[in-house]
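Below is one structure, written out as structure tokens, with a few remarks after it.
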Number of protein chains: 2
Amino acid sequence: MGVEFGGDCSSTAALLMSSKTAAAEARAVRSHSEAERRRRQRINGHLATLRGLLPCAARLDKAALLAEVVKRVRELRKRVEEVEVEVAVPGEGDEVGVEEAEAGGGQGRVVRAWVCCADRPGLMSELSRAVQSVRARAMRAEMVTVGGRTRSLLELDVGDAAATAVTMEAGDGRSALQAALWAVLLRNQTGPVENFSKRARKSTRFGAT
Amino acid sequence: MGVEFGGDCSSTAALLMSSKTAAAEARAVRSHSEAERRRRQRINGHLATLRGLLPCAARLDKAALLAEVVKRVRELRKRVEEVEVEVAVPGEGDEVGVEEAEAGGGQGRVVRAWVCCADRPGLMSELSRAVQSVRARAMRAEMVTVGGRTRSLLELDVGDAAATAVTMEAGDGRSALQAALWAVLLRNQTGPVENFSKRARKSTRFGAT
DNA sequence: CTCGACACGTGAGGC
DNA sequence: TGCCTCACGTGTCGA
């Protein structure tokens, strides 16, 4: 309302203010609105792309769509961090690690163990036997091999560890597991155990987050 | 420009058009602009959240930010589809599947196999031996166990399969692998093989995208 | 001064 | 009718 009368007002204003920039301003104003329109097109185009990318979020409020996008990004980011950062590309050095997992699962102690070494046939079986040898159970295992080197991550349920090894403390259980894993790793080597400590790197990280 | 004169124009218009809705429209107009302002706040709020969520995309154009978000969502969606949809939560029915992977890795045929069955100690070792029995090599393995049921995904390098089994065609190699995996699965059962086909579900999906 | 990005108010259209 | 969402043109600030 009042816009159709605004023509008179603005023309009056134009006559009053700048006399020389009459048609020049007209072009400037038009280019301005066109540029703004293009900007909106870019934004809404990306918004439409996101709408297509999200499965459930067709026909959604522009704001609600963005909220949904935020949710999805958070979910996916968490998923990736869970499984991808942990099992990274195998490193150059041989490595064995054991650490307590955060107390999320509930009953039974959960331990996270990883081994990085040269790949060889049967390695998976040997690791599995090592796990069994300390009375642990693999809840979840992941392994990646590239360029002849392999890295395995084992999420182990060590039950109520005290029951299976009454005389052991928790620390002994961990080092038993670690020793078994080291044994698997060293079975690959030419010489026996004399370079044991030399090959040990940042093993048995504990409580790292 | 002309807006400061618009006050006169609009009041004139108000006097001319509807005499009774004078102050009512004033309130309506104000509420409208306020609502619109709130709408903008919601959108920009979510936009800011996304800005914080993306690592590299601080201080970015609003449109460029959305483009970056689109990119991230595509990346993450691909990642998740690669490793998470395949290794989903173990189903209720026993299942063995073998399929050719897309030709991404380069040399050597890559086969993707999965097994879903009841969990038991030593299952991992048996699966590993089954893989070895068909002269395949595990490039990558993933396994998830929940509620006593387990599902494993194996990405196998079957080398140049023709070399290890000269008389075999590719199809025979696949079914050999599948038979070995079925053998592992059935070792768990009470009765032997009579319910073989009853337990077979959507096994040996092939070429699915 | 021009260009690009932003927030604002406003008209149109959908429940 | 009122409320809501959207696109539009515009004023404004900063390179």
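In what follows, chains are A, B, ... by sequence order, proteins preceding strands, each numbered from 1.
In this structure Arg74(A) satisfies the salt bridge (charged side-chain N to carboxylate O under 4.0 Å, His left out) test with no other residue, sequence neighbours excluded. Residues forming a side-chain contact (heavy atoms from CB on, under 4.5 Å) with Arg37(B) (at least two apart in sequence, or on another chain): Gln41(B). Taking Ser33(A) as the reference, nothing meets the side-chain contact (heavy atoms from CB on, under 4.5 Å) condition, with sequence neighbours excluded. Checked against side-chain contact (heavy atoms from CB on, under 4.5 Å), Arg59(B) has no partners two or more places apart in sequence or in another chain. Every side-chain contact (heavy atoms from CB on, under 4.5 Å) that Val69(B) has, sequence neighbours left out, goes to Leu50(A), Val69(A), Leu50(B), Leu54(B), Leu65(B), Val73(B). Annotation: salt bridge (charged side-chain N to carboxylate O under 4.0 Å, His left out) contacts of Arg38(A) (sequence neighbours excluded): none. Scored by the salt bridge (charged side-chain N to carboxylate O under 4.0 Å, His left out) test, Glu126(A) finds Arg120(A), Arg187(A) as partners (sequence neighbours excluded).
A donor N or O paired with an acceptor N or O is not found under 3.5 Å between the base of dG9(C) and the side-chain atoms of Arg30(B). Applying the 3.5 Å distance criterion, the base of dC8(D) shares no donor-acceptor pair with the side chain of Glu36(A).
Annotation: the span from Arg135(B) atom CZ to Leu156(B) atom CG amounts to 14.5 Å, rounded to 0.5 Å.
The 5' end of DNA chain C is approached more closely, in terms of each residue's nearest nucleotide, by Ser31(A) than by the other of Ser33(B) and Ser31(A).
When rounded to the nearest whole Å, the span between CD of Glu34(B) and P of dA7(C) equals 18 Å. Rounded to an integer number of Å, the gap from CD of Gln41(B) to C1' of dT5(D) is 16 Å. To the nearest angstrom, C1' of dT10(D) lies 12 Å from CZ of Arg40(B).
Here Arg42(B) reaches the OP1 or OP2 of dT5(D): one of its side-chain N or O atoms lies under 4.0 Å away. Dashed line: the shortest gap from a side-chain N or O of Arg37(A) to OP1 or OP2 of dA7(D) is not under 4.0 Å. For dC6(C), one of the phosphate oxygens OP1 or OP2 lies less than 4.0 angstrom from a side-chain nitrogen or oxygen of Arg39(A).
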Review item, nucleotides 12-15 of chain D N/O atoms under 3.5 Å of protein N/O:
none

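Contacts with DNA chain D (heavy atom under 4.0 Å) in residues 44-70 of chain A: Asn44(A), Asp61(A), Lys62(A), listed by number.
For the residue pair Val131(A) and Ala138(A), the shortest heavy atom distance occurs at CG1-N, 4.4 Å.
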